Student: 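I have a structure here, written as structure tokens, and I will follow up with some questions on it.
Worth saying up front: this structure is predicted, and the values here are computed from it rather than measured.
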Amino acid sequence: MFDRDRWQEIFEAIGKNKLRTFLSGFTVALGILIFTVLLGLGNGLLNSFLSSFVDDAQNIIFIRAGRTSKAYKGFQENRKIQFENEDFEFINTNYKGKVEYSTPRIYRNGQAKYKKESGSYTIIAVNPEHQYLEKTIMMKGRYINENDIIDKTKNITIGRLVEKDLFKNEDALGKSLDIDGIAYKIVGVFQDSGGDNEERIICMPYKTVQLLFGNNEKLDQINLTYNMAMNTEQAIAFSKQIEEDFKKKFDVAPDDQSAIRVRSFAEGIKETMVILGGIYLVIFVVGIGTLISGIIGIGNIMTFSIKERTKELGIRKALGASPRSIIAMVLQESVLITSVAGYIGLILGMLSLRLIGNNLEEFFILNPKVETGVIVVATITLIFSGLIAGYIPARRAAKIKPIIALRDE
């Protein structure tokens, strides 16, 4: 492997066939370059998809109510479906073991004031488990707890930017915040990785909102997370089961798509993975196809090189060189060309991805890159490819008979 004379002979052989060596190496480099860039762009699509779930649990299911689009069981179309507390309890009672966390939601807008500062904010009335569905991170204090629900307290948690807007440099924890003329006590300040809008939200107990604004049990939405022991197919089947059960509960036609809407992230994950799987398959076919053409090119140049060196190889064998040593020399030359060309393509591909960066974010490609594991696999693939490219020519070289080689002109 580290025989100086052998390396000198390899470089002399390459020097005699500069153009052919360059063209064969260029094909390999181009194949790795294309493969690297396409793989990086595919990973960028995956990153963009995963970023959309960054502020929510990935096993979340949304249950929303709308209006019926069809008449059914004596009910007219355009009937409004209204969720209530009993429907939330229905979830927890009927799907034990399948539900991880669950929360109702009531949406409002409110004008919040503190001293001379004021602003309009989104208010979401929830229960304590909402914190886990939204991946809410508490910076100060606590989130709404079960006692707040039972006692219908006026305790609230506010987003980081609500504190920044209204309290400036003051600590909001424990302070009183006026919302539409009603005083609430701030028991916690949270942050959320979903962006500024998610941190300009005020959360309060849902039963408090029901008491203060209508003295009713109405809900706008029900959210839950399914048990992570479920696989994607089971999760999708579970969301469909919920939809069917709620349609029966509210006397909605089975094919009515607007009255009860159940959306599971599992469905989006499955659809996206199918698309990404197709993209990765195309990447694999294009990359491997180009690499194979490069291997064939290197195999051809090695065959041509051996044909030109027939007399030289015959002399070697006449002087006692073993077939094994000749095979090793040819394979070493083949691996050298393949590896150098391949790594040039790999480096150029990674530099291209770095230059692209987040410039393609508008096309849903975020932070395109290849992982370290890919580089390791590429290294092994390049060495193996070089061995394949040189094996047939190497065997041919090893079979050259000295007497016949010395007669070659």
Side-chain angles (χ1 to χ4, degrees), residues 60-67 79-95 99 101-115 117-134 136 138 140-159 161-163 165-167 172-190 192 197-225 246 249-250 260:
I60 196 169
I61 295 177
F62 301 96
I63 309 172
R64 297 182 175 94
R67 290 183 177 273
R79 171 169 55 99
K80 183 180 179 181
I81 302 299
Q82 177 64 63
F83 291 155
E84 296 189 355
N85 291 351
E86 183 270 332
D87 300 309
F88 174 61
E89 296 302 325
F90 176 85
I91 292 286
N92 296 314
T93 302
N94 288 271
Y95 306 122
V99 175
Y101 299 110
S102 61
T103 181
R105 276 188 175 186
I106 303 172
Y107 294 96
R108 291 184 60 85
N109 287 317
Q111 190 72 19
K113 296 179 182 179
Y114 178 75
K115 295 182 178 178
E117 303 296 334
S118 65
S120 180
Y121 296 96
T122 298
I123 298 170
I124 303 180
V126 295
N127 77 354
E129 294 184 5
H130 184 266
Q131 177 182 2
Y132 304 104
L133 273 72
E134 284 290 320
T136 300
M138 297 308 301
K140 305 174 186 177
R142 63 171 176 83
Y143 202 71
I144 294 165
N145 61 29
E146 196 60 39
N147 288 332
D148 293 323
I149 304 297
I150 295 171
D151 298 334
K152 301 177 183 177
T153 66
K154 295 178 185 176
N155 292 335
I156 59 172
T157 59
I158 64 174
L161 294 181
V162 177
E163 180 185 45
D165 293 343
L166 301 180
F167 292 85
L173 193 63
K175 299 285 197 319
S176 179
L177 183 64
D178 182 296
I179 304 176
D180 294 331
I182 301 175
Y184 296 86
K185 181 181 178 181
I186 299 172
V187 296
V189 179
F190 65 83
D192 194 296
N197 289 336
E198 296 291 332
E199 294 186 328
R200 282 197 166 92
I201 288 175
I202 299 171
C203 296
M204 60 178 62
Y206 75 96
K207 287 194 175 180
T208 301
V209 170
Q210 289 175 335
L211 176 65
L212 294 176
F213 303 97
N215 195 21
N216 56 50
E217 295 195 348
K218 294 180 180 180
L219 303 173
D220 293 329
Q221 184 178 322
I222 300 172
N223 295 349
L224 61 93
T225 52
F246 266 70
K249 193 172 187 297
F250 285 92
I260 304 290

Student: Do Ile202 and Ile124 touch side chain to side chain, with heavy atoms closer than 4.5 Å?
Tutor: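 Result no, sub-4.5 Å side-chain heavy-atom pair not found.
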Student: Between Val209 and Ala125, what is the shortest heavy-atom contact and its length?
Tutor: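 For Val209 and Ala125, the tightest heavy-atom pair comes out as CG2-CB, 3.5 Å.
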Student: If you look at every heavy atom in Gly110 and Ile179, which pair is closest and at what distance?
Tutor: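 Closest heavy-atom pair between Gly110 and Ile179: CA-CG2, 4.2 Å.
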Student: How long is the straight-line distance from CG of Leu177 back to CD of Glu163, given to the nearest 0.5 Å?
Tutor: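 Reported value, rounded in 0.5 Å steps: 11.0 Å.
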Student: Who are the salt bridge (charged side-chain N to carboxylate O under 4.0 Å, His left out) partners of Arg64, not counting sequence neighbours?
Tutor: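 Scan of Arg64 (salt bridge (charged side-chain N to carboxylate O under 4.0 Å, His left out), adjacent residues dropped) gives none.
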Student: Rounded to the nearest 0.5 Å, what's the gap from CD1 on Ile186 to CD1 on Ile158? Could you check?
Tutor: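 Interatomic distance, Ile186 CD1 to Ile158 CD1, rounded to 0.5 Å: 4.0 Å.
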Student: Answer yes or no: are there more than 12 heavy-atom neighbours, outside Lys175 itself, under 6.0 Å from its atom NZ?
Tutor: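 Counting other residues, nucleotides and ligands, NZ of Lys175 exceeds 12 neighbours.
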Student: The criterion is side chain to side chain donor-acceptor pair (under 3.5 Å); which residues satisfy it with Ser102, sequence neighbours excluded?
Tutor: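 For Ser102, the residues satisfying side chain to side chain donor-acceptor pair (under 3.5 Å) (neighbours in sequence not counted) are Asn92.
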Student: Excluding sequence neighbours, so at least two apart, what forms ring pair (Phe, Tyr, Trp, His ring centres under 6.0 Å) with Tyr143?
Tutor: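 So Tyr143 forms no ring pair (Phe, Tyr, Trp, His ring centres under 6.0 Å) with any residue.
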Student: Taking Thr225 for its side chain and Tyr101 for its backbone only, find out whether a donor-acceptor pair lies under 3.5 Å.
Tutor: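 Indeed, once roles are kept as given, a pair shorter than 3.5 Å links the two residues.
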Student: Determine all donor-acceptor pairs shorter than 3.5 Å in which one atom belongs to a side chain in residues 215-223; sequence neighbours excluded.
Tutor:
unit_1 : atom_1 : unit_2 : atom_2 : d
Asn216 : OD1    : Lys218 : N      : 3.2
Asp220 : OD2    : Tyr107 : N      : 2.7
Gln221 : OE1    : Tyr107 : OH     : 3.3
Gln221 : NE2    : Asn223 : OD1    : 2.6

Student: Could you grab the distance from atom OG1 of Thr208 to atom CD1 of Ile149, nearest 0.5 Å is fine?
Tutor: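 Between atom OG1 of Thr208 and atom CD1 of Ile149 there are 6.5 Å.
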Student: Mind checking side chain to side chain donor-acceptor pair (under 3.5 Å) for Asn145 and listing every partner two or more places apart, or none if nothing turns up?
Tutor: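 In terms of side chain to side chain donor-acceptor pair (under 3.5 Å), with neighbours along the sequence ignored, Asn145 is linked to no residue.
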Student: What pairs with Arg200 under side chain to side chain donor-acceptor pair (under 3.5 Å), at least two apart in sequence or on another chain?
Tutor: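 Side chain to side chain donor-acceptor pair (under 3.5 Å) check on Arg200 returns Asp165.
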Student: Working to the nearest 0.5 Å, report the span between CD1 of Ile106 and CD of Gln210.
Tutor: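 Output value for this atom pair is 4.0 Å.
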Student: With a cut-off of 6.0 Å (strictly less than), are more than 12 heavy atoms of other residues, nucleotides or ligands near CG of Asn197?
Tutor: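 Not buried by this count: 12 neighbours or fewer within 6.0 Å.
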Student: Tyr184: what forms a side chain to side chain donor-acceptor pair (under 3.5 Å) with it, not counting sequence neighbours?
Tutor: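 Not a single residue meets the side chain to side chain donor-acceptor pair (under 3.5 Å) criterion with Tyr184.
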Student: Before you tell me yes or no, could you show the steps for Val162 and Tyr121 under side chain to side chain contact (heavy atoms under 4.5 Å, CB included), namely the whole-Å CA-CA distance, both residues' side-chain angles and the distance that decides it to 0.1 Å?
Tutor: CA-CA 8 Å; Val162 177; Tyr121 296 96; 3.8 Å; yes
Student: According to salt bridge (charged side-chain N to carboxylate O under 4.0 Å, His left out), does anything in residues 144-157 pair up with another residue at least two apart or in another chain? List the pairs.
Tutor: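 Those involving residues 144-157 are Arg142-Asp148.
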Student: Holding to ring pair (Phe, Tyr, Trp, His ring centres under 6.0 Å), I want the full list of residues that pass it with Phe246, two or more places apart in sequence or in another chain.
Tutor: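 Checked Phe246 against ring pair (Phe, Tyr, Trp, His ring centres under 6.0 Å); matches are Phe83, Phe90.
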Student: Enter the distance from Thr157:OG1 to Lys140:NZ here, rounded to the nearest 0.5 Å.
Tutor: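 Here the interatomic distance stands at 13.5 Å.
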Student: Apply salt bridge (charged side-chain N to carboxylate O under 4.0 Å, His left out) to Glu89 and list each qualifying residue two or more places apart in sequence or on a separate chain.
Tutor: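 If we apply the salt bridge (charged side-chain N to carboxylate O under 4.0 Å, His left out) test to Glu89, skipping adjacent residues, there are no hits.
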Student: What verdict does the side chain to side chain contact (heavy atoms under 4.5 Å, CB included) test give for Leu224 and Thr103, after you've listed the backbone C-alpha separation in whole Å, the side-chain angles of each residue and the deciding distance to 0.1 Å?
Tutor: CA-CA 6 Å; Leu224 61 93; Thr103 181; over 6 Å; no
Student: Please identify each residue that fulfils side-chain contact (heavy atoms from CB on, under 4.5 Å) with Ser176, with sequence neighbours left out.
Tutor: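 Ala183.
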Student: Using the test side-chain contact (heavy atoms from CB on, under 4.5 Å), find all partners of Glu199 that sit at least two apart in sequence or belong to another chain.
Tutor: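 side-chain contact (heavy atoms from CB on, under 4.5 Å) list for Glu199, sorted by chain: Arg160, Leu161, Gln191, Asp192.
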Student: For the pair Asn85 and Lys207, evaluate side chain to side chain contact (heavy atoms under 4.5 Å, CB included) and give the outcome as yes or no after the intermediate values.
Tutor: CA-CA 9 Å; Asn85 291 351; Lys207 287 194 175 180; 4.3 Å; yes
Student: Within 45 degrees of the ring normal and closer than 6.0 Å to the centroid, is that where the cationic atom of Arg105 sits relative to Tyr206?
Tutor: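 No.
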Student: Which value, rounded to the nearest 0.5 Å, describes the distance between Ile260 atom CD1 and Lys249 atom NZ?
Tutor: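 Answer for the CD1-NZ pair, Ile260 versus Lys249, is 9.5 Å.
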Student: Heavy atoms, side chains only, cut-off 4.5 Å: are Asn127 and Ile144 in contact?
Tutor: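 When only atoms from C-beta onward are counted, Ile144 and Asn127 do not touch, as no gap falls below 4.5 Å.
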Student: So which heavy atom on Phe190 is nearest to which on Cys203, and how close?
Tutor: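 So the minimum-distance heavy-atom pair works out to CE2-SG, 4.2 Å.
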